[in-house]
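Only one structure is covered here, and it is reproduced in the block below.
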Amino acid sequence: MYGNANVRRGGPLRRYVVWLALACAAALPTAWAGEIERGVLLLRWGDARPAAPGQAGHPPRFTAWLDAGPGAHRRLDVAQATRAAGDLYALANRRVAVSHAAAGKRGSRPVIDAIVPVDHEAQRAQVEGDDGRPRLAAPVHGSTRWITLMCRFADMPAEPKSRDFFQSQYGDAPGQLGHYWSQVSQGAIDLAGSQAYGWYALPRQRSAYTGAQADLSLLFADCVAAADGEVDFTGAMGVNLMFNEELDGYAWGGGACASFDGAYGCLRATWNPPWAFLNLAALAHEMGHGYGLPHSDNSDGDADTYDNPWDLMSDAWRHAGSDPVYGLLPKYINAYQRERLGWVAPAGRLTVQAEDIGTHDVMLDTADMLGGSGVQLLVLALPTQPDPFATVVYIVEARRRTTPYESNLAGDAVIIHALRAYGTTQSLDSDVPPATYSANEGSMLRPGERFRLPQGQHQVDVIAATATGFLVRVGPVARVMSSPLPALVRSESGAAVSSPSRPLRHPHVNRHR
């Protein structure tokens, strides 16, 4: 068994072995004691302010930490952790077990070979979805109360905005965060009870916290400690930290741990300099990281992850609507990442299997449709890989320019994303080579246009625009073959239809040839 690379380097079999070991933790031999660590997985994404025209932007930053309690906060190797978890982002802010294996070279530090959840959602990690990819992400539902803490550096007295301004950001009117998160989650979450407090004086000067990279843990601990006498953190999901000056050139989102009301705990967190909190798009992007959402990308293959304007979790700044009080407003998040958090109803998701040779007409509702009866997430599956985390799927969704959040999109169109290894989604376009920024016509499918998946399993035709989105047709790519065509059957209307290998069951799908 130990000759299998999946066992040695965190593949699916190795992860299953660790699940079994943890389930039987009481019976573990002493030799395991130094090989498995438990704690809260803290992922942190850093996002730089967009560069001025003609100037190069700064790349994103990403760090991973395991917090096992006060004074036990250890940084993880990102590359090792990503491979070992399969879908590292789905485990953000959750209790996990980290398993280590001996490195290949004598004297080298052990390497991470598996990261698995051990919280109350751990059973979900062993479920494989109908698209062949494991389901690790824990749903986020109900009230997600956030607390804003406004903190100023000891040597910088400026207070850029009032407490009333930050409190109003949580409002439920269109263009405010309470309304936005309720809309984008299809009513699955709200920000009820969210409040703002401050300004609080930090105990240190700015230079004590900043440098090449800000000390996010110290900033979080000191800001929370300064507010702890006034603020009741009971029931809070996250903390939005607002600072009166620049940090390290970045705004950050993810998770952090500190002492709250005398007890140590971990919450979702954001760290925002003034340029971030003056634009709800930037603040919502960091809160998205707090909810565990990673960056998305486009398919041009470069290192710029901010080149997909169809997703708040890529380019929050361009093609965004605006408000005179709250600056740039957030766009929607791509449908697959919303579904990972439980924000797409099961009736709004439809999967076409890789081996399905039928042709299907699908009524595709736009992302902003609340309570619609059509499909909002159309998944085109490819063959499952030996490591299911490497299975690629394609996501088809409809977008249209509507106020306030989608008013400045590049167009009304069907958009396709590819979900690749480690849970990164990339918007696709038909240009060769792909455009460096996906606001181009090639990234948008309009009525009369067709997109063929590179692997050849499916093609997508946009038939027409509808009152709620688009009518799309999904079918196999035409091939020249000597074998007979699929058998035809007759529908109740008398039209000839092909029988797909795995029938689709959705009230707004028609199957035909």
Side-chain angles (χ1 to χ4, degrees), residues 5-6 9-13 15 79 82-91 125 127-137 293-303 305 307-308 310-311 313-314 333-340 344 349-357 360 362 364 375-397 414-435 438 442-443 445 450-460 472 474-477 479 500-502 504:
N6 281 335
R9 289 293 178 261
L13 183 55
R15 281 187 285 266
T82 302
R83 288 193 301 267
D87 189 348
L88 184 70
Y89 313 129
L91 305 181
V127 176
E128 184 176 286
D130 61 1
D131 56 16
R133 289 185 63 90
R135 291 285 189 266
L136 269 70
L293 295 169
H295 284 135
S296 64
D297 202 345
N298 75 353
S299 56
D300 64 0
D302 66 17
T305 190
D307 46 15
N308 174 7
W310 302 100
D311 193 338
M313 301 313 297
S314 177
I333 297 159
N334 81 66
Y336 197 88
Q337 297 294 11
R338 288 188 284 122
E339 193 266 348
R340 282 157 56 94
V344 174
R349 175 194 166 108
L350 182 72
T351 299
V352 179
Q353 301 296 336
E355 68 273 19
D356 189 334
I357 61 173
H360 315 281
V362 181
L364 200 60
V375 174
Q376 280 201 327
L377 172 60
L378 175 59
V379 179
L380 308 180
L382 295 186
T384 303
Q385 300 301 305
D387 182 349
F389 290 104
T391 298
V392 176
V393 300
Y394 289 85
I395 301 99
V396 184
E397 63 178 310
V414 172
I415 308 300
I416 298 181
H417 282 79
L419 180 72
R420 304 192 186 279
Y422 311 128
T424 300
T425 49
Q426 299 175 338
S427 65
L428 302 183
D429 70 70
S430 57
D431 292 350
V432 180
S438 295
S443 70
L445 279 180
R450 168 179 292 173
F451 190 92
R452 291 181 175 176
L453 300 192
Q455 292 82 355
Q457 264 81 6
H458 308 287
Q459 66 185 25
V460 179
V472 301
V474 179
V477 175
R479 294 181 176 88
S501 54
R502 221 185 278 185
L504 293 172

(message) Determine whether a donor-acceptor pair (N or O, by modelled atom type, separation under 3.5 Å) exists between the side chain of Thr305 and the backbone of Asp297.
(response) no
(request) Search all heavy atoms of Ala85 against all heavy atoms of Leu91 and return the closest pair with its distance. (result) CB-CD1, 4.1 Å
(message) With rounding to the nearest 0.5 angstrom, report the CG to CG distance, Leu377 to Asn334.
(response) 9.0 Å
(request) For the pair Arg133 (side chain) and Phe389 (backbone), establish whether a donor and an acceptor sit closer than 3.5 Å, ignoring hydrogens and angles. (result) yes
(message) For Ala90 versus Leu136, what's the shortest heavy-atom pair and its separation?
(response) CB-CB, 3.6 Å
(request) Indicate yes or no for a side-chain donor-acceptor contact from Glu397 to the backbone of Ala335 under 3.5 Å, with no hydrogens or angles considered. (result) yes
(message) Are the side chains of Ile395 and Glu339 in contact, using a 4.5 Å heavy-atom criterion?
(response) no
(message) For Asp300 versus Pro434, what's the shortest heavy-atom pair and its separation?
(response) CA-CB, 4.0 Å
(message) Looking at Ala418, is its backbone amide N or carbonyl O close enough to the side chain of Thr425 to form a donor-acceptor pair, meaning the two atoms are under 3.5 Å apart?
(response) no
(request) Ignoring hydrogens and angles, state whether a donor on the side chain of Tyr394 or Gln455 is under 3.5 Å from an acceptor on the partner side chain. (result) yes
(message) By the definition side-chain hydrogen bond (donor to acceptor under 3.5 Å, both in side chains), identify the one residue from Asp311, Asn298, Asn308 that meets it with His417.
(response) Asn308
(message) Working to the nearest 0.5 angstrom, can you tell me the gap between Ser314 OG and Ile333 CD1?
(response) 12.0 Å
(message) So which atom in Trp310 and which in Ser443 form the shortest heavy-atom distance, rounded to 0.1 Å?
(response) NE1-OG, 3.5 Å
(message) Asp130 vs Thr351, test: side chain to side chain donor-acceptor pair (under 3.5 Å). Steps then yes/no.
(response) CA-CA 7 Å; Asp130 61 1; Thr351 299; 3.0 Å; yes
(message) So Asp131 and Leu419, do their side chains get closer than 4.5 Å, heavy atoms only?
(response) no
(message) In the structure I gave you, are the side-chain heavy atoms of Pro294 and Gln337 within less than 4.5 Å of one another anywhere?
(response) yes
(message) Using 0.5 Å steps for rounding, measure from the CG atom of Leu428 to the CZ atom of Phe451.
(response) 4.5 Å
(request) List the steps, then state whether side-chain contact (heavy atoms from CB on, under 4.5 Å) holds for Val474 with Val396. (result) CA-CA 10 Å; Val474 179; Val396 184; 6.0 Å; no
(request) Mark yes or no for whether Arg135, through its side chain, and Gly129, through its backbone, hold a donor-acceptor pair below 3.5 Å. (result) no
(request) Can you sort out the partners of His458 under side chain to side chain donor-acceptor pair (under 3.5 Å), two or more places apart, ordered by chain and number? (result) none
(message) Once rounded to the nearest 0.5 Å, what's the spacing between atom OH of Tyr89 and atom OG1 of Thr424?
(response) 4.0 Å
